[in-house]
Number of protein chains: 2
Amino acid sequence: MTKVERSSTAEAVLGILDLNGGMSGYEVRKFMEESTANFWSESFGQIYPTLKKLLDDGLIKTEETDGGGHPAKKKYRVTDAGAARLQEWLTIPARARVPRNEFLLKLFFGGLAQPKEMRAQVEAWKTVAETDLLRDEPLLKELQMKFGKGPGRPIDYPPLPYWLMTLRYGIAEAKMTVKWCNETLAELKKLDDDYVKRGV
Amino acid sequence: MTKVERSSTAEAVLGILDLNGGMSGYEVRKFMEESTANFWSESFGQIYPTLKKLLDDGLIKTEETDGGGHPAKKKYRVTDAGAARLQEWLTIPARARVPRNEFLLKLFFGGLAQPKEMRAQVEAWKTVAETDLLRDEPLLKELQMKFGKGPGRPIDYPPLPYWLMTLRYGIAEAKMTVKWCNETLAELKKLDDDYVKRGV
DNA sequence: ACACACATGTAATTGGTTACATGATTTC
DNA sequence: GAAATCATGTAACCAATTACATGTGTGT
């Protein structure tokens, strides 16, 4: 009867557009990959239809292209109605959906495989977290430098404090994951030893 | 051209059935809610069609119902082919998909709202993590007691070590979240003070 | 008598990725 | 002149939730 279960794709696009003034669909995606990749991403197959819908609903408007350049590059900007919609959405409590984690599912069934298989899975997972850290920790420092309260503070980008919060979340998560992986690998080693002992 | 992107619903059901012998669709779901709820869950709308497909593919077989009792209660058990399929799947490295986190998305756009709105969001998020801890920490202790190496070790449930690993992951994640929420709330408070000061 | 947990299944709808289709500009 | 990146869009397909439909057993 009632709709329920709406996704937040429209708001994600609207928000990026609001933060960064006039952007094309391509640029929205690129910005997401550089900033929200740890917790939100959209494919072009979602972005372009979403832009069309936002336009139809009057939440964004087109801007003139810069004439020369790439084919049919369209730029969008949020309208007052769009900004209002966004602000309203920000006050609604976020829904907590359990994300599916295929790695943890495999580990849960680990007793059905040989311990060394699971060690390989955990090692791979650890590598992913370490790679994230290698990208996010330098990024945090870079952004903090731009923002820094110190004397040479070059630019003032208001959304930055919030960007940093989400970035710190990603870093804390990755660190926690690496730590847990190490503990889990030690335990798997023990199980493996027991397994071999029993096997022989 | 190629299929790609398969989901792991079939393997999740197959794995639960393998761990716990004969189970009905309803029991599979119940077990998931008690054990994998932090990282995997399936709706009945997925489970029943999946069981049918696994049966068609010869990966599970039906067991006799216990006659009396509930209407048409069917029990399933994995076949040798099913166990082989599951073991093969366990050796394939888990795909790392970025889960969407609506809460972090809202926080990322926090500069577009009033600081106190975002504080409410973070408080709510913290409560979710605390609730998880309240459920998972006692569960961990309970399971460890059953498993315990000590003298009175009551039962030997082989998959338990792996269950504990995933449970410890959930606990570590929730603790990390609570800690991050506290730090973030402190920073939002500062931003809020600045906001009020500038506003007046 | 009513509610709640048990129990199975299908249909409608929504959400999302990947593949396809096309073409310009820049860089090596 | 080849490859990578920029750029927009549609179609096919897959995955998943929610709502619907139906009925039994148990506890209060």
Side-chain angles (χ1 to χ4, degrees), chain A residues 1-13 22-34 37 39-56 60 62-63 65-76 95-102 105, chain B residues 1-13 17 22-34 36-37 39-56 60 62-63 65-76 95-102 105:
Chain A
M1 197 164 286
T2 38
K3 44 173 192 271
V4 183
E5 176 55 28
R6 281 208 48 261
S7 160
S8 301
T9 293
E11 285 82 2
V13 173
M23 265 186 168
S24 64
Y26 191 89
E27 288 167 336
V28 167
R29 176 130 202 269
K30 213 174 66 175
F31 183 77
M32 277 186 177
E33 272 172 358
E34 287 164 0
F39 55 90
W40 204 271
S41 70
E42 298 285 353
S43 61
F44 287 125
Q46 286 280 96
I47 288 178
Y48 288 115
T50 297
L51 284 168
K52 198 180 165 193
K53 194 176 174 300
L54 289 171
L55 200 58
D56 287 349
I60 60 174
T62 46
E63 245 182 25
T65 43
D66 43 8
H70 288 275
K73 184 170 180 172
K74 296 174 189 174
K75 295 216 172 195
Y76 302 93
R95 288 159 301 180
R97 319 272 311 255
V98 178
R100 294 186 168 193
N101 186 324
E102 199 183 73
L105 184 64
Chain B
M1 195 166 283
T2 37
K3 44 173 192 271
V4 183
E5 176 53 28
R6 283 207 46 260
S7 158
S8 301
T9 294
E11 286 82 4
V13 174
L17 246 26
M23 264 186 167
S24 66
Y26 191 89
E27 286 167 336
V28 167
R29 176 131 203 270
K30 213 175 65 174
F31 183 76
M32 278 186 176
E33 272 173 0
E34 288 164 1
T36 69
F39 55 89
W40 205 272
S41 69
E42 299 283 353
S43 61
F44 287 125
Q46 286 280 94
I47 287 177
Y48 288 115
T50 297
L51 284 169
K52 198 181 165 192
K53 195 175 174 301
L54 289 171
L55 201 59
D56 287 349
I60 60 174
T62 46
E63 244 181 26
T65 44
D66 45 6
H70 287 273
K73 183 170 181 173
K74 296 175 189 174
K75 294 216 172 195
Y76 301 92
R95 288 159 302 181
R97 320 269 314 250
V98 178
R100 295 186 168 195
N101 186 323
E102 199 182 75
L105 183 65

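To find a chain, count down the sequence lines: A is the first, B the second, and so on, and within it residues start at 1. Given the structure is predicted, the values throughout are model-derived calculations rather than measurements.
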Self-check item: Atom-pair distance (CD on A:E27; C1' on D:dA7), nearest Å
Solution: 10 Å
Quiz prompt | Non-hydrogen side-chain atoms of A:L51 and A:I47 separated by less than 4.5 Å | solution = yes
Quiz prompt | Rounded distance (Å) that lies between atom P of C:dT8 and atom CE of B:M23 | solution = 12 Å
Self-check item: Presence of A:Y26 side-chain N/O under 4.0 Å of D:dC6 phosphate oxygens OP1/OP2
Solution: yes
Quiz item: Given atom CZ of A:R95 and atom P of D:dT18, what is their separation to the nearest angstrom?
Solution: 10 Å
Practice problem: Remember a base hit wins even if backbone is also touched, and classify B:G45 as base, sugar-phosphate or nothing at under 4.0 Å, heavy atoms. | Solution: base
Quiz item: D:dA7, C:dT8, D:dA15: which one has an atom nearest the side-chain heavy atoms of B:Q46?
Solution: D:dA15
Quiz item: Taking OP1 and OP2 of C:dG15, is either one under 4.0 Å from a side-chain nitrogen or oxygen of A:T9?
Solution: no
Quiz item: So, for A:L105 and B:A12, which heavy atoms are closest and what is the spacing to 0.1 Å?
Solution: CD2-CB, 3.8 Å
Self-check item: Selected nucleotide, minimal atom distance to A:Y48 side chain, candidates D:dC6, D:dA16, D:dT8
Solution: D:dT8
Quiz item: What's the CZ-C1' distance between A:R6 and D:dA16, to the nearest Å?
Solution: 17 Å
Self-check item: Qualifying residues under side-chain hydrogen bond (donor to acceptor under 3.5 Å, both in side chains), relative to A:E42, sequence neighbours excluded
Solution: A:T9, A:W40, B:R100
Self-check item: Validation row: B:T62, B:Y76 side chains within 4.5 angstrom (heavy atoms)
Solution: yes
Quiz item: In whole angstrom, what separates B:E102's CD from C:dG16's P?
Solution: 10 Å
Quiz prompt | Under-4.0 Å side-chain N/O to phosphate OP1/OP2 contact, A:S7 with C:dG16 | solution = yes
Quiz item: What's the CZ-C1' distance between A:R29 and C:dT17, to the nearest Å?
Solution: 10 Å
Quiz item: When the distance from CD1 of A:I47 to C1' of C:dG15 is rounded to whole Å, what number comes out?
Solution: 15 Å
Self-check item: From D:dC6, C:dT17, C:dA7, nucleotide with atom closest to A:K30 side chain
Solution: D:dC6
Exercise. Take A:E42 and B:K52, find for each the nucleotide of DNA chain C with the closest heavy atom, and name the residue whose nucleotide sits nearer the 5' end.
Key: B:K52
Self-check item: Nucleotide nearest A:K74 (side chain, heavy atoms from C-beta), chosen from C:dA7, D:dT8, D:dT18
Solution: D:dT8
Quiz item: Base, sugar-phosphate, or nothing for A:R100, non-hydrogen atoms under 4.0 angstrom?
Solution: sugar-phosphate
Quiz item: Below 4.5 Å, heavy atoms only, C-beta onward: do A:K75 and A:E27 meet side chain to side chain?
Solution: yes
Quiz prompt | Interatomic distance, A:M32 CE vs C:dG16 P [rounded to whole Å] | solution = 11 Å
